[in-house]
Amino acid sequence: MTARLSMRSRAVAAFALSALALGVLAGCGNDEEKDAPAAGSSTLKVGYISGASLAPAFVADALGCFQKEGLTVEYTPIKNPADAIAFLSTDKLDAYVGSPSAGMFNQVAKGAELKMVASLGSVNTPEGEAAPSGLFGGKSVAKVEDLKGKRVGVLGTVGTATSYLLGKSLEAGGLTFDDVELVSLALPDMVPALKNGGIQGALLIAPETQKALEQDVAHALVDSKKAYGTSTTSGIMYGPGLLKDDRASGVKFVRATACATNQMLGDWRKDAKVVSALATFMKVPDETISKGGLYVFDPKLTVNTSTLTEMQEMFMKVKGTLTYDEIIPAEKLVDDGIRAEAVGQAG
C-alpha cells in the first residue's frame with residue numbers, strides 16, 4: 001500500500017495543474033463558485049454495486065464534490081459482493097460502495113481490517129411514496145406464500161444484504177429461504193428473468209423496481225416499509241489502506257459523499273442535474289431515475305449498527321453462511337471516527 005501511495009503523490013502535481021488549466025469543474029453546492037482542488041490530491045479505486053440507494057457516491061463527481069476534495073475516483077463495477085470484500089482485503093480496491101455481507105463478517109472474524117464508515121440509502125421514504133426496493137412477484141404470483149417452491153432471484157447468495165432484505169420479506173408471508181429456490185443473478189438480469197419466466201420472484205432495488213413496473217412484468221408483494229423497518233443496508237466500506245495508511249483520503253471520500261448527499265435532500269428526482277448524472281452513471285434513461293423510487297439520505301451518513309446485528313442473526317440460521325458462532329460487536333464492524341471527522345458531527 002505504501003508504494004501505491006507514493007505513486008499517487010507523484011501524480012498530484014500533474015492532476016492539480018490539469019484541473020487548474022481546464023477550470024471546468026464546479027465547486028460543491030454552488031455552480032457560481034469555483035473551488036480549487038484541496039491540497040494532497042489522490043486517486044482512489046472504488047468498487048461498486050449499481051443501485052439508486054448509493055446515489056450520492058455516484059453523483060459526487062458531477063456535483064463538484066470530488067474536485068473540491070482533490071480526489072480522482074476510478075469506479076469499478078462489482079457483480080458479486082464477495083468479490084468486493086476479497087479485493088478490499090488485498091488492497092486491490094480502496095473502497096467499496098455497496099452493502100455489508102456475510103463475506104465481510106467472516107473476514108472480520110478472521111482478523112481482517114474491513115469496516116463500514118458511512119451509510120447511504122434508506123427504505124424509509126416519505127409518506128405517500130412507495131418503498132424503492134422490495135420483493136416482487138411475476139404475474140402468476142399473487143402473494144408471498146405463492147412463491148413456495150418457486151425460483152426467486154437474489155443478488156449473490158444467502159449472506160448478501162439483498163438476501164437479508166429478501167429474508168425479511170419472505171418472513172412476511174411465513175416463508176424462509178428453505179421454502180424457495182434461490183437463483184443468483186446480477187441486478188440488471190432480474191427483470192428480464194421475470195419477463196421470460198426464468199424466475200417467479202426477485203428482490204429488486206431501484207431502478208430495477210421501476211423497470212419491472214414500466215414493463216408490467218412484476219408487482220410488489222409486500223409493504224417493504226413494514227418488512228424492513230429501520231434497516232439500512234447501503235453504505236461505504238474501507239479496507240486497511242484507507243482505514244490506516246491513507247486515512248486522510250478516506251475522510252475526503254466520505255466528506256465528498258456528504259457534500260453530494262446535502263445536495264440531494266428532499267425529492268432529488270426533480271433536480272435535472274442529479275437525475276442526469278445518476279442516469280449516466282447507471283446507464284439508464286433519465287426517466288427511469290426521475291420516475292423511480294425515492295431513497296432518503298441521512299446527511300450525517302450514520303451507520304445503523306442494529307442492522308449489522310440483525311443480518312448476522314439471520315445468516316447464522318443458514319448453515320455454512322457464517323464461519324463463526326458469536327455475533328461480532330458493532331465496534332469491530334464500523335469505524336465511526338472517519339464519518340464524524342468528515343461530517344463534523346456525531347451520529
Side-chain angles (χ1 to χ4, degrees), residues 8 12 15-16 19-20 22-48 50-75 94-98 116-122 232 234-238 242-243 246-282 289 294-303 335-347:
R8 289 181 188 159
V12 169
F15 171 78
L20 288 171
L22 292 174
V24 296
L25 293 178
C28 177
N30 187 338
D31 289 338
E32 295 180 357
E33 296 179 2
K34 305 297 183 182
D35 291 306
S41 301
S42 57
T43 298
L44 300 182
K45 296 179 184 291
V46 179
Y48 72 95
S50 185
S53 64
L54 303 160
F58 299 159
V59 302
D61 188 32
L63 297 181
C65 299
F66 287 149
Q67 189 265 352
K68 182 179 179 182
E69 295 298 330
L71 291 178
T72 297
V73 177
E74 298 175 355
Y75 275 106
D94 297 306
Y96 171 47
V97 178
M116 285 196 72
V117 295
S119 178
L120 291 174
S122 169
T232 53
S234 299
I236 301 171
M237 277 144 280
Y238 285 170
L242 294 185
L243 289 172
D246 191 12
R247 195 173 175 89
S249 290
V251 171
K252 290 178 181 180
F253 185 78
V254 172
R255 187 184 294 125
T257 304
C259 161
T261 300
N262 278 291
Q263 296 183 60
M264 296 180 68
L265 301 180
D267 193 346
W268 49 268
R269 299 170 302 182
K270 297 177 181 178
D271 187 325
K273 185 174 182 178
V274 169
V275 168
S276 178
L278 184 55
T280 298
F281 187 92
M282 297 180 65
I289 302 298
L294 177 64
Y295 282 96
V296 176
F297 303 103
D298 172 14
K300 294 182 181 180
L301 307 182
T302 308
V303 176
D335 184 329
D336 196 52
I338 287 177
R339 182 205 62 81
E341 183 177 346
V343 179
Q345 53 188 261

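What you see is a predicted model; the values in this text were computed from it and never measured.
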Side chains of [X] and [Y], heavy atoms from C-beta outward: is any pair under 4.5 Å?
X: Leu63; Y: Cys259; value: no
X: Val343; Y: Pro299; value: no
X: Ile338; Y: Leu243; value: yes

Using the side-chain hydrogen bond (donor to acceptor under 3.5 Å, both in side chains) criterion, which residues pair with [X]? Sequence neighbours excluded.
X: Asp335; result: Arg247
X: Asn262; result: none
X: Thr261; result: none

Review point. Please walk me through it: do Thr72 and Leu44 pass side chain to side chain contact (heavy atoms under 4.5 Å, CB included)?
Key: CA-CA 6 Å; Thr72 297; Leu44 300 182; over 6 Å; no

**Study point:** Rounded distance (nearest 0.5 Å) linking atom CG of Leu301 with atom CE of Met116
**Key:** 10.5 Å

Exercise for review: List in chain and number order the residues that pass side-chain contact (heavy atoms from CB on, under 4.5 Å) with Phe281, two or more places apart in sequence or in another chain; answer none if no residue qualifies.
Suggested key: Tyr48, Phe58, Tyr75

Point to revise | side-chain contact (heavy atoms from CB on, under 4.5 Å) against Val275, all qualifying residues, sequence neighbours excluded | key: Asp286, Ile289, Ser290

Exercise for review: Ignoring hydrogens and angles, tell me if any N or O in the side chain of Asp94 forms a donor-acceptor pair with the backbone of Lys45 under 3.5 Å.
Suggested key: yes

Practice item. Give a yes or no answer on whether the side chain of Tyr238 reaches the backbone of Gly250 with a donor-acceptor pair at less than 3.5 Å. Key: yes

Review point. Residues two or more places apart in sequence or in another chain: which of them pass ring pair (Phe, Tyr, Trp, His ring centres under 6.0 Å) with Phe66?
Key: Phe253

I need the minimum non-hydrogen distance between [X] and [Y], along with the two atoms involved.
X: Leu294; Y: Gly266; value: CD1-O, 4.1 Å
X: Gly98; Y: Leu54; value: O-CD2, 3.7 Å
X: Glu69; Y: Lys252; value: O-CD, 3.4 Å
X: Met282; Y: Ser50; value: CE-OG, 3.4 Å
X: Arg339; Y: Lys300; value: NH1-O, 2.8 Å
X: Phe297; Y: Ser53; value: CE2-O, 3.2 Å

**Study point:** SB check Asp271 Lys273 (cutoff 4.0 Å)
**Key:** no

Practice item. Would you check, one step at a time, whether the test side chain to side chain contact (heavy atoms under 4.5 Å, CB included) holds for Val73 with Asp61? Key: CA-CA 8 Å; Val73 177; Asp61 188 32; over 6 Å; no

Practice item. List the steps and the verdict of side chain to side chain contact (heavy atoms under 4.5 Å, CB included) for Leu120 and Thr257. Key: CA-CA 9 Å; Leu120 291 174; Thr257 304; 3.7 Å; yes

